[in-house]
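Let me begin by presenting the structure, written as structure tokens, before commenting on it.
Quick caveat: nothing in here was measured; it's all calculated off a predicted structure.
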Amino acid sequence: MKKDQLRKIYLDKQKTFSQTKWCVKSKQAISLLFENFDFSVKRFVNCFITLEKNNEFDTWHIFKRLWNEFPHITTTAPRVNFETNLLENVRISPDTKLIENKWWIFEPEGDKVVETEKLDAVLVPLLAFDERGFRVGYGKGFYDKFLKDCRADCRKIGLSLFPPVEKIDDVEDFDVRLDFCVTPERVWQF
């Protein structure tokens with residue numbers, strides 16, 4: 001199936017989740033994330049901020065757990081730089097003010113930008129992914145550009161509420177493969 005078809009199907013599926021089902025599935029996947037990845041050796045972790053209107057994976061529990069259990073980690077969240085059309089890594093902490101961008105996505109305010117090369121792990125949003133580790137996002141291409149600038153040893157970990165599809169048919173040369181994807185049922189490695 002092609003990305004456009006998968007994007008529509010999985011966005012619709014995500015939006016039909018009840019608040020309870022969404023919360024339970026997110027918490028199950030977060031438990032697997034922390035059981036399977038050693039954050040004690042990470043210094044810089046980037047995680048997206050939940051887009052609630054789409055019932056996107058709930059990342060606030062991830063941020064809180066990182067802040068409480070791994071205070072040595074510098075957490076960052078993406079912010080779109082509309083002048084360059086690239087993502088920036090902006091430090092985020094419990095007291096960081098969030099502002100809504102022109103797409104109604106909340107981003108951290110401030111000038112504490114961290115170089116992409118410093119990141120040890122990136123928790124990547126997606127709508128769908130396939131058994132080879134390719135993902136379907138929202139279609140703007142920001143994450144593919146961003147992930148290409150990460151170090152080779154930076155772990156690219158997708159977060160999904162759904163299992164993979166067999167194959168995304170229209171993968172392009174610029175698409176970046178995930179290293180792992182965490183779902184409520186299991187961790188996929190590619």
Side-chain angles (χ1 to χ4, degrees), residues 2-4 6-8 10-11 14 33 37 39 42-60 62-63 66-67 70 73-130 132-161 168-182 190:
K2 294 193 174 196
K3 290 178 195 172
D4 285 345
L6 290 166
R7 189 172 290 117
K8 180 175 179 359
Y10 281 89
L11 189 55
Q14 224 168 249
L33 174 71
F37 296 93
F39 285 96
K42 307 290 186 213
R43 305 296 301 158
F44 293 89
V45 175
N46 179 285
C47 182
F48 64 98
I49 295 172
T50 300
L51 184 56
E52 291 180 20
K53 72 175 184 149
N54 290 344
N55 275 357
E56 196 171 62
F57 195 101
D58 185 1
T59 57
W60 286 114
I62 295 172
F63 282 113
L66 289 172
W67 293 331
F70 305 95
I73 292 177
T74 298
T75 51
T76 68
R79 179 175 65 195
V80 177
N81 180 326
F82 288 103
E83 291 176 16
T84 63
N85 280 326
L86 298 173
L87 292 181
E88 300 174 324
N89 308 293
V90 181
R91 286 184 190 215
I92 186 170
S93 65
D95 59 343
T96 300
K97 183 178 177 188
L98 300 178
I99 53 173
E100 208 171 24
N101 73 16
K102 68 180 184 181
W103 294 323
W104 305 283
I105 298 170
F106 283 98
E107 301 174 321
E109 185 178 57
D111 57 357
K112 297 179 182 172
V113 176
V114 173
E115 299 83 15
T116 302
E117 299 79 32
K118 287 187 174 182
L119 297 177
D120 299 307
V122 178
L123 303 179
V124 184
L126 54 92
L127 290 166
F129 71 105
D130 72 13
R132 302 170 303 158
F134 291 105
R135 60 181 275 284
V136 175
Y138 289 94
K140 302 284 186 207
F142 284 104
Y143 266 90
D144 289 309
K145 292 177 212 166
F146 172 63
L147 294 173
K148 280 189 181 192
D149 289 337
C150 292
R151 294 188 328 256
D153 66 337
C154 174
R155 294 290 160 236
K156 297 172 285 304
I157 305 167
L159 301 175
S160 179
L161 297 171
I168 297 168
D169 293 331
D170 56 343
V171 170
E172 303 286 344
D173 291 340
F174 57 80
D175 289 329
V176 176
R177 186 189 313 248
L178 299 168
D179 298 309
F180 301 92
C181 193
V182 180
F190 310 106

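Counting non-hydrogen atoms of other residues, nucleotides and ligands closer than 6.0 Å to NZ of Lys8 gives a total of 12 or fewer. Heavy-atom contacts from other residues, nucleotides or ligands closer than 6.0 Å to CG of Asp111 number 12 or fewer. More than 12 heavy-atom neighbours from other residues, nucleotides or ligands sit within 6.0 angstrom of CG on Asp95.
Closest of all the heavy-atom pairs between Lys3 and Asp170 is N-OD1, 2.9 Å. Shown here for Arg91 and Pro108, the closest heavy-atom pair between the two residues is O-CB, 4.0 Å. The shortest heavy-atom contact between Ala77 and Asn46 is C-ND2, 3.8 Å. The minimum heavy-atom distance between Ile73 and Lys42, with the atom names listed, is CG1-O, 3.3 Å. Of all non-hydrogen atoms in Ile168 and Arg132, the two that sit nearest each other are O-NH2, 3.0 Å.
Residues passing the side-chain contact (heavy atoms from CB on, under 4.5 Å) test with Leu86, sequence neighbours excluded: Thr84, Lys145. Qualifying salt bridge (charged side-chain N to carboxylate O under 4.0 Å, His left out) partners for Asp58, counting only residues two or more places apart in sequence or in other chains: none.
Contact annotation: the side chain of Val45 never approaches that of Ile62 to less than 4.5 Å [non-hydrogen atoms, C-beta and beyond]. In this structure, Phe57 and Leu126 have side chains that are not in contact, with every pair of non-hydrogen atoms separated by 4.5 Å or more. Residues Leu87 and Val80 meet the side-chain proximity criterion, which asks for heavy atoms closer than 4.5 Å. By the 4.5 Å heavy-atom criterion applied to side chains, Cys47 and Thr75 are not counted as neighbours. Two residues are said to be in side-chain contact when any heavy atoms from C-beta on lie closer than 4.5 Å; Ile157 and Phe37 meet this criterion. You'll find the side chain of Val176 stays beyond 4.5 Å of the side chain of Phe146, heavy atoms only.
At a threshold of 4.0 Å, the pair Lys2-Asp4 does not count as salt-bridged, since none of the basic side-chain nitrogens sits closer than that to a carboxylate oxygen. For the pair Asp179 and Arg155, the salt-bridge criterion is met [side-chain N within less than 4.0 Å of a carboxylate O]. For the pair Arg135 and Asp175, the salt-bridge criterion is not met [side-chain N within less than 4.0 Å of a carboxylate O].
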Test log, rule side chain to side chain contact (heavy atoms under 4.5 Å, CB included), inputs Ile92 and Trp67: CA-CA 10 Å; Ile92 186 170; Trp67 293 331; 4.2 Å; yes
Test log, rule side chain to side chain contact (heavy atoms under 4.5 Å, CB included), inputs Val136 and Tyr10: CA-CA 9 Å; Val136 175; Tyr10 281 89; over 6 Å; no
Test log, rule side chain to side chain contact (heavy atoms under 4.5 Å, CB included), inputs Arg79 and Ile99: CA-CA 10 Å; Arg79 179 175 65 195; Ile99 53 173; 5.6 Å; no
Side chain to side chain contact (heavy atoms under 4.5 Å, CB included) evaluation trace for Cys181 with Phe190: CA-CA 8 Å; Cys181 193; Phe190 310 106; 3.9 Å; yes
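How far CD of Glu107 is from CG of Asn101: 4.0 Å, rounded to the nearest 0.5 Å. To the nearest 0.5 Å, atom CG of residue Leu66 and atom OG1 of residue Thr59 are 10.0 Å apart. Within the model, atoms CZ of Arg151 and CG of Leu119 stand 7.5 Å from one another, a figure rounded to the nearest 0.5 Å. Note: Leu11 CG to Tyr138 OH = 6.0 Å, rounded to the nearest 0.5 Å.
Checked options Asn89, Asp149, Thr76; the residue passing with Thr116 is Asn89 (criterion: side chain to side chain donor-acceptor pair (under 3.5 Å)).
In this structure, the side chain of Arg43 does not engage the main chain of Thr74 through any donor-acceptor pair within 3.5 Å.
A cation-pi arrangement, defined by a distance under 6.0 Å to the six-membered ring centre and an angle within 45 degrees of its axis, is present between Lys102 and Phe82.
Side-chain N/O atoms of Thr50 and Trp60 include no donor and acceptor closer than 3.5 Å.
The six-membered or imidazole ring of Phe48 lies away from that of Tyr143, with a centre-to-centre distance of 6.0 Å or more.
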